[in-house]
Amino acid sequence: MTKVMTIGRVVAELESGMTIGVGGWGSRRKPMALIGGILRSPLKDLTIISYGGADVGLLCAAGKVRRVVAPFVTLDSIPLEPHFRRARQEGTIAFTEYDEGMFMFGLLAAAHRLPFLPTRAGLGSDVMRVNPELRTVRSPYTEEELVAVPALEMDAALIHLNRADTRGNAQYLGPDPYFDDLYAKAAKKTYVSCERVVDTADLLKAGPVQSLLVSRAMVAGVVEAPGGAWFTSCEPDYGRDEALQRRYTTTDWREFLDEQGASR
């Protein structure tokens, strides 16, 4: 069954107030074309779950976000995403900050339809102080006290991969899956943008079976979007555009979006 969609159609299936997971990591393989669609839409009051980068920064700057759940929001070569920082300093968004490992356990819990997963990460740290809603559980086997990380449940997930077929099988060809498979499993609906839609038989020509990260069973729609992660990286198709990223940090987001939209 063909699942190929346009960006506009994907955005039309989202609703204000939703919790949306965004794949990728920092400034690496972010679904920027799909984020651009949200920026041009009337959607608002979103909760964004992300190993955050420019996706979070742009959505915060545009006033689309009510809450961010993340372990960090960075542009990698630029340590702190400036538009996110401004939103936090001005108090326009709420922020739930987890340790990176805790965040992964939250994704795992949601992917496996569990209410929480226990971990030692966070114990003895300020993570427990800044998240007073977190609870601990005692192991029934060793009596050890552990952090009970709640499932990071999502209404929808947006991820970007290198290749996909029309049925929703999707493949990464770069150095890291960036937990995109967990987002796909955790969300009620997952939308995949990709550099190129190919025949199913051609997927294994570019990489081994292990690179087939996302199954069609997880995917509600596929968008063919060449350069769809740009200006973040999408190895091996292209690297991060460092010059453009620096410009992004010093430019009004509306001006930046208009300029880049007109140039592509």
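Atoms considered below: every heavy atom in the structure, side chains included; atoms not considered: hydrogens, waters and symmetry mates.
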Inset, instruction - Examine the side chains of S139 and E144 and answer whether a donor and an acceptor come within less than 3.5 Å of each other. - result: no
Legend entry - Atom pair CD (E133) and CZ (R135), whose distance is rounded to the nearest 0.5 Å: 8.0 Å
Legend entry - D76 vs R240 side-chain heavy atoms within contact, under 4.5 Å: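 Answer yes - side chains close enough.
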Legend entry - Minimum heavy-atom distance L203-R163, with the two atoms named: CD2-CB, 4.0 Å
Inset, instruction - Taking the side chain as every heavy atom from C-beta outward, state whether S27 and I78 have any pair of such atoms under 4.5 Å apart. - result: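 In short, these two side chains do not touch, never coming nearer than 4.5 Å.
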Inset, instruction - Using atom types as modelled and distance alone, determine if a side-chain donor or acceptor of E97 lies under 3.5 Å from a backbone N or O of V69. - result: no
Legend entry - N/O donor-acceptor pair under 3.5 Å between Y183 side chain and M154 backbone: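 Absent.
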Inset, instruction - Taking S215 for its side chain and M218 for its backbone only, find out whether a donor-acceptor pair lies under 3.5 Å. - result: no
Legend entry - Evaluation steps, side chain to side chain contact (heavy atoms under 4.5 Å, CB included), between V65 and T92: CA-CA 9 Å; V65 178; T92 59; over 6 Å; no
Inset, instruction - To the nearest 0.5 Å, tell me how far L134 CG sits from R129 CZ. - result: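 The CG atom of L134 sits 13.0 Å away from the CZ atom of R129.
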Legend entry - Ring centroid separation Y98 to F105 under 6.0 Å: no
Legend entry - Y51 and its side chain to side chain contact (heavy atoms under 4.5 Å, CB included) partner, picked from V73, V56, T74, L107: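 Answer to the side chain to side chain contact (heavy atoms under 4.5 Å, CB included) test with Y51 among V73, V56, T74, L107: L107.
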Legend entry - Cluster link I159 to W230, ILVMFWY, side chain under 4.5 Å: no
Inset, instruction - Would you check if the side chain of D99 reaches a backbone N or O of M102 as a donor-acceptor pair within less than 3.5 Å? - result: yes
Inset, instruction - Answer yes or no: is there a donor N or O on one side and an acceptor on the other, between the side chain of D199 and the main chain of A201, under 3.5 Å? - result: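 Looks like no, no N/O pair under 3.5 Å.
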Legend entry - Side-chain touch L158/I38, heavy atoms, less than 4.5 angstrom: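 A side-chain contact under 4.5 Å exists here.
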Legend entry - Backbone of V219 reached by a side-chain donor or acceptor of K3 within 3.5 Å: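 Judged by distance alone, yes, a pair lies under 3.5 Å.
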Inset, instruction - List the steps, then state whether side chain to side chain contact (heavy atoms under 4.5 Å, CB included) holds for L117 with V149. - result: CA-CA 5 Å; L117 277 175; V149 181; 5.5 Å; no
Inset, instruction - Test F103 against L152 for side chain to side chain contact (heavy atoms under 4.5 Å, CB included), laying out the working first. - result: CA-CA 8 Å; F103 190 87; L152 293 176; 3.8 Å; yes
Legend entry - Reported CG-to-CG distance for the pair L108 and L182, which is rounded to 0.5 angstrom: 5.0 Å
Inset, instruction - Measure the CG-CG distance between N169 and L161 for me, rounded to the nearest 0.5 Å. - result: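 Those atoms lie 11.5 Å apart.
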Inset, instruction - Indicate, with yes or no, if V10 and L58 share a hydrophobic cluster defined by side-chain heavy-atom contacts under 4.5 Å among Ile, Leu, Val, Met, Phe, Trp and Tyr. - result: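 Linked within one cluster.
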Legend entry - Shared hydrophobic cluster, W253 / V11 (ILVMFWY, side-chain heavy atoms < 4.5 Å): yes
Inset, instruction - Taking the side chain as every heavy atom from C-beta outward, state whether E100 and W25 have any atom pair closer than 4.5 Å. - result: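 Yes, at least one pair of side-chain atoms sits under 4.5 Å.
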Inset, instruction - Search all heavy atoms of S50 against all heavy atoms of K30 and return the closest pair with its distance. - result: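 The pair with the smallest heavy-atom distance is OG-NZ, 2.8 Å.
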Inset, instruction - Report whether V68 and L39 are members of the same hydrophobic cluster (ILVMFWY, side-chain heavy atoms less than 4.5 Å apart, transitive linking). - result: yes
Legend entry - Side chains of V214 and Y172 in contact at under 4.5 Å (non-hydrogen atoms): no
Legend entry - R67, CZ: over 12 other non-hydrogen atoms inside 6.0 angstrom: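 Yes, CZ of R67 has more than 12 neighbouring heavy atoms, counting only those of other groups under 6.0 Å.
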Legend entry - Residue pair M128 / T136: nearest heavy atoms and the distance that separates them: CE-CG2, 4.0 Å
Inset, instruction - Would you confirm whether D165, through its side chain, and G168, through its main-chain N or O, come within 3.5 Å as a donor-acceptor pair? - result: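 Such a contact is found between D165 side chain and G168 backbone.
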Legend entry - T250 side chain to R247 backbone, donor-acceptor under 3.5 Å: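 Checking the backbone N and O of R247 against the side chain of T250, a donor-acceptor pair under 3.5 Å is found.
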Legend entry - Close side-chain approach of S233 and R28, heavy atoms under 4.5 Å: yes
Inset, instruction - Work out which heavy atom in F116 is nearest to a heavy atom in A148; give both atom names and the distance. - result: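 In terms of heavy atoms, the two residues are closest at CD1-CB, 3.6 Å.
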Inset, instruction - Return the minimal non-hydrogen interatomic distance between R216 and R167, and the atom names on each side. - result: CB-O, 3.0 Å
Inset, instruction - Answer whether the closest heavy-atom distance between the side chains of P42 and K44 falls below 4.5 Å. - result: no
Inset, instruction - Report yes or no: does D55 contribute a side-chain atom to a donor-acceptor pair with the main-chain N or O of M32 at less than 3.5 Å? - result: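 A pair under 3.5 Å: no.
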Inset, instruction - Would you confirm whether N162, through its side chain, and L173, through its main-chain N or O, come within 3.5 Å as a donor-acceptor pair? - result: yes
Legend entry - Minimum side-chain heavy-atom gap I7-L34 below 4.5 Å: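 Yes, side chains in contact.
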Inset, instruction - Consider only side-chain heavy atoms of I, L, V, M, F, W and Y, link residues closer than 4.5 Å, and tell whether I49 and L114 are in one cluster. - result: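 Yes, I49 connects to L114 through the hydrophobic network.
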Inset, instruction - Please name the pair of heavy atoms, one in T249 and one in P82, separated by the smallest distance, quoted to 0.1 Å. - result: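 Smallest interatomic distance, heavy atoms only, reads CB-CG, 3.8 Å.
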Inset, instruction - Quick one: pull up OG1 in T166 and CD in E224 and give me the separation to the nearest 0.5 Å. - result: 11.0 Å
Legend entry - M104 side, atom CE; T119 side, atom OG1 - distance, nearest 0.5 Å: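 Between M104 CE and T119 OG1, I get 7.5 Å after rounding to 0.5 Å.
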Inset, instruction - For side chain to side chain contact (heavy atoms under 4.5 Å, CB included), just list the numbers for I93 and R88, CA-CA rounded to whole Å, side-chain angles, deciding distance to a tenth of an Å, and then say yes or no. - result: CA-CA 6 Å; I93 62 164; R88 284 290 292 146; 4.0 Å; yes
Legend entry - Pair D180 + R29: basic N to acidic O under 4.0 Å: yes
Inset, instruction - Could you check whether the rings of F95 and F84 sit parallel, tilted or perpendicular, using 30° and 60° as the cut-offs? - result: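 If you compare the ring of F95 with that of F84, the planes turn out perpendicular.
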